[in-house]
Amino acid sequence: MKPKIGLALGSGGSRGFAHLGVLKVLEREGIQVDYLAGSSMGSLVGALYSAGHDIDDLYRLAGTFRNKYFMDLTVPRMGFIQGEKFKQFVRLFTHSKNIEDLNIPLSIVATDIIKAERVIFTKGPIDTAVRASTSIPGIFVPEKSEGRLLVDGGVIDRVPSAVCRDMGADIVIGVDVSQVKKNAEINTIYDVIMQSIDILQTEIVHLKSSSANILISPKVEQFSGKTFQYAKEIIKLGEESAEASLQDIITEIERWKEYQAVNE
């Protein structure tokens with residue numbers, strides 16, 4: 001008997017490429033991920049991985065990712081970026097699947113900005129869910145879905161560990177990539193919004209205990225959330241943090257097995 005492993009992938013813009021490094025190490029060590037939950041960039045990585053892409057292919061895709069490719073600017077009313085180009089990207093690389101058709105069960109977290117509620121997508125079009133989950137307030141126009149006005153999942157649930165637990169995971173590994181870059185260069189409204197969100201989320205995490213058994217925190221604070229050109233370096237930091245946490249993960253798995261054996 002082995003435990004069901006849940007992996008909660010947190011928000012953090014381009015720093016979310018570190019999730020790929022974590023997934024690579026878990027694969028290499030034969031630690032099967034049974035459930036995935038993602039907020040913001042974590043939802044995109046989770047969707048691409050759950051859709052069946054080889055991890056090495058995702059490494060290569062990350063190396064070509066640039067934010068300018070997905071910016072369809074609009075007259076600012078609720079955001080500067082319309083987001084349709086990004087939805088097309090998600091639709092293409094997830095083969096227009098619905099969430100319930102993915103290889104690994106996936107929950108995608110967004111925030112209902114009207115009702116101040118967490119919204120969890122477990123079925124329906126992947127592109128709509130990921131587009132909602134990555135809608136940085138003030139940057140992207142909020143996504144409208146089933147009468148709700150939705151923004152970035154990281155606003156309400158930066159690392160959705162509890163969501164993984166609710167999916168049925170026995171052991172939850174959280175990956176937090178949204179550290180604050182201190183002394184950051186602030187030149188644009190995008191910089192102001194991203195840095196403000198990072199500070200706010202960091203303070204919330206300090207006050208809120210994590211429900212993850214293991215929390216991996218790649219040291220990506222030197223990168224801002226928009227530095228997509230440093231994907232290789234960020235992925236490497238994800239690998240290093242996962243490797244440093246391997247013994248803790250193995251210990252947690254063995255502890256679970258021992259508990260089950262005693263209570264059979």
Side-chain angles (χ1 to χ4, degrees), residues 5-20 22-23 33-51 79 83 86-87 90 94 97-100 102 104-169 172-178 194 197-198 200-202 204-205 207-213 215-217 225:
I5 306 292
L7 187 63
L9 305 178
S11 61
S14 63
R15 291 169 296 204
F17 285 134
H19 296 318
L20 293 174
V22 173
L23 285 163
V33 175
D34 300 288
Y35 302 103
L36 277 165
S39 282
S40 197
M41 188 64 170
S43 75
L44 175 60
V45 172
L48 294 174
Y49 187 72
S50 297
F86 181 65
K87 284 180 77 171
V90 175
T94 57
K97 289 184 177 180
N98 285 341
I99 299 171
E100 61 268 30
L102 291 169
I104 302 171
L106 173 68
S107 291
I108 294 175
V109 177
T111 304
D112 185 327
I113 198 171
I114 303 297
K115 296 184 178 180
E117 293 177 348
R118 183 175 63 182
V119 175
I120 303 172
F121 289 89
T122 58
K123 60 183 180 179
I126 299 170
D127 61 323
T128 297
V130 172
R131 166 68 176 83
S133 185
T134 55
S135 296
I136 303 165
I139 302 295
F140 279 84
V141 175
E143 178 75 359
K144 294 179 180 178
S145 176
E146 297 183 356
R148 293 177 181 266
L149 196 62
L150 303 175
V151 297
D152 199 295
V155 170
I156 201 165
D157 199 352
R158 172 167 144 180
V159 182
S161 303
V163 176
C164 266
R165 186 81 62 192
D166 291 342
M167 293 174 75
V172 176
I173 303 168
V175 187
D176 183 9
V177 295
S178 194
M194 291 296 292
I197 290 174
D198 282 345
L200 177 62
Q201 290 182 347
T202 298
I204 290 172
V205 168
L207 297 171
K208 183 180 176 182
S209 60
S210 172
S211 60
N213 299 90
L215 185 63
I216 300 174
S217 299

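Both backbone and side-chain heavy atoms feed into the values below; hydrogens, waters and symmetry mates do not.
Residues D127 and T94 form no side-chain contact, since every pair of their non-hydrogen atoms from C-beta on lies 4.5 Å or further apart. With contacts defined as side-chain heavy-atom distances shorter than 4.5 Å, the pair R165/N213 qualifies. Counting heavy atoms from C-beta outward, F86 and L44 have side chains that approach closer than 4.5 Å. L150 places a side-chain heavy atom less than 4.5 Å from the side chain of F121. Contact annotation: the side chain of D176 approaches that of R158 to within less than 4.5 Å [non-hydrogen atoms, C-beta and beyond].
Panel note: side chain S133, backbone S39; no donor-acceptor pair is recorded below 3.5 Å. Between the S43 side chain and the S40 main chain, a donor and an acceptor come within less than 3.5 Å of each other. Remark: the backbone N or O of E100 is not paired with any side-chain donor or acceptor of N98 at under 3.5 angstrom.
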Intermediate values then yes/no, side chain to side chain contact (heavy atoms under 4.5 Å, CB included), R15 and S178 | CA-CA 7 Å; R15 291 169 296 204; S178 194; 4.3 Å; yes
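Shortest non-hydrogen contact noted between K87 and E143 is NZ-OE2, 3.0 Å. Residues I126 and A47 come closest through the heavy atom pair CG2-CB, 3.7 Å. The two residues G46 and L36 have their closest heavy-atom pair at O-CD1, 4.0 Å. Here the closest non-hydrogen pair linking V33 and I104 is O-CG2, 3.9 Å. Taking all atoms of both residues into account, the shortest heavy-atom contact from P137 to V155 is CG-CG2, 3.8 Å. Heavy atoms only, all atoms of each residue included: L102 and L106 are closest at CD1-CD2, 3.5 Å.
Across D157, D112, D152, a single residue satisfies salt bridge (Lys or Arg N to Asp or Glu O under 4.0 Å) together with R118, and that is D157.
The neighbour count for I120 CD1, taken as heavy atoms of other residues, nucleotides or ligands under 6.0 Å away, is above 12.
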